[in-house]
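Quick note: numbers below take in every heavy atom, side chains included, and nothing from hydrogens, waters or symmetry partners. In what follows, chains carry the letters A, B, and so on, assigned in the order in which the sequence lines appear, proteins first and then strands, with residues in each chain numbered from 1.
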Amino acid sequence: MVEPIILKKTLKAYFGYDSFRDGQEETITAALKGQDTLVLLPTGTGKSICYQLTGYLLEGTVVIVSPLLSLMQDQVEQLQLLKEKRVAALNSLLDYSEKEFIIRHLNEYKFLFLSPEMLQNERILAALKQLKISLFTIDEAHCISQWGMDFRPDYLELGKIRAVLGNPLTMALTATANRQVKEDILACLKLDPLQTTQIVHSVDRKNIALVTITCDKDKKEQLLKQVKKLKKPGIIYFSSKKMADDMADFLRKSLAIRVASYHSDLETADRILLQQQFIYDEIDVICATNAFGMGINKKNIRFVIHYHMPASVEAYLQEIGRCGRDGKPSVAILLYEPGDGYIQVRLQENDLPTEAMLEHVYRKNIVLEGSCSVSQQRLLENYLASKIPLAQAKQQLRARVIRKEEQLRYMITYAETKECKRRVLLHYFEEKLNKTVENCCSNCGIDEEIYEIDEKNLENRAFSSVDSWEKILQEMFSLETFKRQD
DNA sequence: CGATAAGCCGATAACGGCTTATCGGTGCTTTATT
């Protein structure tokens, strides 16, 4: 048993903080007792401290499964800033010799980041088997449920991987999970629900006002109106890349603010550049698809607008959770037009194979290339390889389709409800709203002015006339960076 | 659903205007030859 005083001293020594934030100490204490943990803490409460501090107090290497290369790079850099040299990300950004070097020196690292896909690599898995793993961490664990079912099936293999590695002490971390997602995470990792300590804090972010504006063919005008008057910076989400591009142009021309669009068509270098510019307040508004956001650690985002709604309440909460991390009043606005749900239905249609496809593939015993989407093809191949009986496969698929429909339906319920939005949102996570929240939602009524630009004080103008020379230099410097990248 | 592309129509020739069809969103990986 590690005394709380030791924990605090370690926190101060390694991270420089005087006290823990909600949930951190609880999590670390449980892990140090040897308990597997499922940790649900709201965005921006320092989840990484949980596995990092635990790692420092245990012998061996912390292995962290992370969904994005950029996220891995971020975490590596942050640890390096804290003077930790024994840290590496084992991924495709490395060349052959770098990779080999890390694999040969695994036990010299304290923190090792990799993707679920990388864990499928035989050579790497064999090396990890020889390693003393102090803690097996799954960062952004909701990806298991959100992506594992179709988009990134290797997420569903993590349980097997865990078993191969001798079931090391495990910590799964996320900011958004309702009961079903928690069940998915535990089941996938093959964690016993009764033996796993769940540290669950409210997903409610009280400083984010929840607003829905019901539109009638006037979304574009509504968007312009809102973006014009709201305090910046902010993010606007779209469900198409083209739309994100077009609207970025439109807003840039209409409002003379600094707007950029962000989606998967961008080159990696451009993505990094945009993220940096946004973080350093050189961009006011980002028009993005759901590619943007995970790992964006910016405190002062004032609004998140959804031009199109996402496919689930989890995704919605993830996305709106990116504003107001500094605790100041922020607003999440959903621009909703009845029928919007249909876009998501169509988007998801090609994710899962149909029963007809499944039958065809089982009969012919082969998946024909080009006969369906990449995601469908991969899933069909998985079914074929796994030798799951047809009836069972069918049932599983049917369940997944129903699940997606339910998720979307609840999102629509949220959009259309006349009751308190916060209550409806929290209900999805089986939470009750105990006391009333000031500036709660558009149904309870909010004071709109606190989210709007204060014209008199000229606060929040894109370019201030009193820019310090430091800031001007900084901007020149980033321009140079831009040229070089180009 | 809504935006866009493709196809079709009449009619002395190229093209506006119509209907119909299609598509939309997330990321990891890759080892070997000009």
Letter by letter from the 5' end, nucleotides 25-30 of chain B scores (B base, S sugar-phosphate only, - none; protein heavy atoms under 4.0 Å) BBBBSS

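Relative orientation of the F238(A) and H308(A) rings is perpendicular, given thresholds of 30° and 60° on the angle between their planes. Classification of the Y414(A)-Y316(A) ring pair by plane angle, with boundaries at 30° and 60°, yields tilted.
In this structure, CD of E98(A) is placed 17 Å from P of dT31(B), rounded to the nearest angstrom. Put simply, CG on D340(A) is 18 Å from P on dG24(B), counting in whole angstrom units. Summarising the geometry, the separation between NZ on K220(A) and C1' on dA3(B) is reported as 12 Å, rounded to the nearest angstrom. Across the protein-nucleic acid pair, L94(A) atom CG and dT31(B) atom C1' stand 14 Å apart, rounded to whole Å. In this structure, D246(A) places its CG atom 16 Å from P of dG2(B), rounding to the nearest Å.
Straight-line distance between the C1' atoms of dA14(B) and dC9(B): roughly 13 Å, to the nearest whole Å. Remark: the separation of the C1' atoms in dG25(B) and dC1(B) is 16 Å, to the nearest Å.
In summary, the side chains of D245(A) and H263(A) do present a donor paired with an acceptor at a separation below 3.5 Å, with no hydrogens or angles considered. In this structure, a donor-acceptor pair under 3.5 Å is present between the side chains of S202(A) and E431(A).
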Item to complete: Go through the steps for E406(A) and K404(A) under the test salt bridge (charged side-chain N to carboxylate O under 4.0 Å, His left out), then give the verdict.
Response: CA-CA 5 Å; E406(A) 281 171 359; K404(A) 286 192 177 215; over 6 Å; no

- request: Could you walk me through whether D184(A) and S145(A) pass side-chain hydrogen bond (donor to acceptor under 3.5 Å, both in side chains), step by step?
  value: CA-CA 6 Å; D184(A) 282 344; S145(A) 171; 2.9 Å; yes

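Stem regions annotated for DNA chain B: B:1-10 with B:15-24, counting only runs of 3 or more consecutive pairs of Watson-Crick or G-U type with both contacts under 3.5 Å.
Between M171(A) and F136(A), the closest side-chain pair of non-hydrogen atoms is not below 4.5 Å.
Each of D36(A), I138(A), L119(A) was compared with R162(A) under the side chain to side chain contact (heavy atoms under 4.5 Å, CB included) criterion, and only D36(A) meets it.
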